[in-house]
Enquirer: 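Dropping a structure here in structure tokens format, bear with me for questions.
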Amino acid sequence: MTRSPLLAGIDFRAPSHEVARQLVGVLLLVDGVGGRIVETEAYDRDDAASHSYSGPTERNGAMFGAPGHAYVYRSYGIHWCLNFVCREAGHGAGVLIRALEPLAGLAQMRARRGLDAERLLCSGPGKLCQALAVSRAHNGMALALPPFALAAAAPGAAVVAGPRIGISKAMAVPWRFGLAGSRFLSRPF
DNA sequence: CTTAGGATCGCCT
DNA sequence: GGCGATCCTAAGC
């Protein structure tokens with residue numbers, strides 16, 4: 001027997017769209033700062049919109065690593081974006097964390113973002129990495145260990161799905177997931 | 001409300 | 001050289 005692969009009640013070896021749906025509502029903290037995940041997107045190896053689509057490179061290497069670890073990449077040369085690796089090592093699937101409902105460390109978030117409005121602190125993949133101070137240093141780190149902390153979602157959250165945002169390929173795949181009615185989404189569904 | 005442009009890194013053709 | 005899994009600001013309707 002191996003130890004349980006569950007982390008916050010989620011098996012990260014599952015397909016990324018299943019993990020993405022289950023992550024909605026999960027509490028994510030980085031060094032004690034964070035909140036509830038309200039928006040995610042799934043990406044997979046056989047997915048023209050995925051960084052892993054064309055195989056491993058230096059940037060996306062963590063996406064081909066072990067499940068339950070972080071894949072952090074730089075977007076547009078400016079922002080950081082945080083993913084959770086899924087499937088077995090070598091597969092190349094992940095879930096992009098797109099928005100949080102801020103719950104812990106609001107003062108630090110405001111200082112890092114240079115903003116007061118709570119609704120805008122973590123309402124996008126680049127924004128939440130700035131608010132939580134996620135950077136290249138977190139790439140490849142295990143989500144089960146500090147500085148990361150995950151806690152299971154309260155059951156019964158209403159999850160909605162739709163097309164992913166900001167991509168130009170595989171537009172029809174409904175792999176964006178969100179907490180229904182949340183005001184902390186990057187955009188409404 | 002919508003649209004446009006700039007910042008600036010890694011990988012692609 | 002081009003183009004992003006983005007964000008912010010400014011301008012136009």
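Keep in mind that the numbers below use all heavy atoms, side chains included, and drop hydrogens, waters and symmetry copies. Every chain is numbered from 1, with letters handed out A, B, ... down the list of sequences.
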Enquirer: Quick one: CZ on A:Phe64 to NE2 on A:His91, what's the gap to the nearest 0.5 Å?
Expert: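 Going from CZ on A:Phe64 over to NE2 on A:His91, the span is 8.5 Å.
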Enquirer: What integer distance in Å separates A:Tyr53:OH from B:dC11:P?
Expert: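 Interatomic distance, OH of A:Tyr53 to P of B:dC11: 19 Å.
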Enquirer: In dot-bracket, 5' to 3', how would DNA chain B read with Watson-Crick or G-U wobble pairs under 3.5 Å, [ ] for crossing ones and | for pairs to another strand?
Expert: |||||||.||||.
Enquirer: What closest approach, in Å, do A:Arg112 and A:Ala131 show between heavy atoms, and which atom pair accounts for it?
Expert: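 Reported closest heavy-atom pair: NH1-O, 2.9 Å.
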Enquirer: Compare every heavy atom of A:Ser16 with every heavy atom of A:Val95, then report the nearest pair and how far apart it is.
Expert: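 Heavy atoms only, the tightest pair is CG2-O, 3.4 Å.
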Enquirer: If the threshold is 4.0 Å, N to carboxylate O, is there a salt bridge linking A:Glu41 and A:Arg164?
Expert: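 Looking at A:Glu41 and A:Arg164, the cut-off is not met.
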Enquirer: Are any of the side-chain nitrogens in A:Glu39 or A:Arg176 under 4.0 Å away from the carboxylate oxygens of its partner?
Expert: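 Salt bridge: yes.
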Enquirer: Going 5' to 3' through nucleotides 4-9 of chain C, assign each nucleotide B (protein heavy atom under 4.0 Å from a base atom), S (under 4.0 Å only from sugar-phosphate atoms) or - (no protein heavy atom that close).
Expert: BBBSS-
Enquirer: Do A:Arg87 and A:Asp11 meet the salt-bridge criterion of a basic N to acidic O distance under 4.0 Å?
Expert: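 Answer for the salt bridge query: no.
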Enquirer: Expressed as a whole number of angstroms, how long is the span from A:Asn139:CG to B:dG10:C1'?
Expert: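 A:Asn139 atom CG is separated from B:dG10 atom C1' by 13 Å.
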Enquirer: What contact category does A:Arg136 fall into here, base, sugar-phosphate, or nothing, at under 4.0 angstrom with non-hydrogen atoms?
Expert: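 If one applies the 4.0 Å heavy-atom cut-off, A:Arg136 turns out to touch the sugar-phosphate alone, with no base involved.
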Enquirer: Rounded to whole angstrom, note down the P distance from B:dA4 over to C:dC3.
Expert: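 Roughly 16 Å separates the two P atoms.
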Enquirer: Linking I/L/V/M/F/W/Y whenever any side-chain heavy atoms sit under 4.5 Å apart, do A:Leu132 and A:Leu120 land together?
Expert: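 Both belong to a single hydrophobic cluster.
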Enquirer: For nucleotides B:dG10 and C:dC8, find the distance between their C1' atoms and express it as a whole number of Å.
Expert: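 Result for the C1' pair: 22 Å, nearest Å.
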Enquirer: Would you mind listing the cluster partners of A:Phe184? Hydrophobic ones only (ILVMFWY), side-chain contacts under 4.5 Å, chaining allowed.
Expert: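 Joined to A:Phe184, directly or through intermediates: A:Val24, A:Val38, A:Val159, A:Val160, A:Val173, A:Trp175, A:Phe177, A:Leu179, A:Leu185, A:Phe189.
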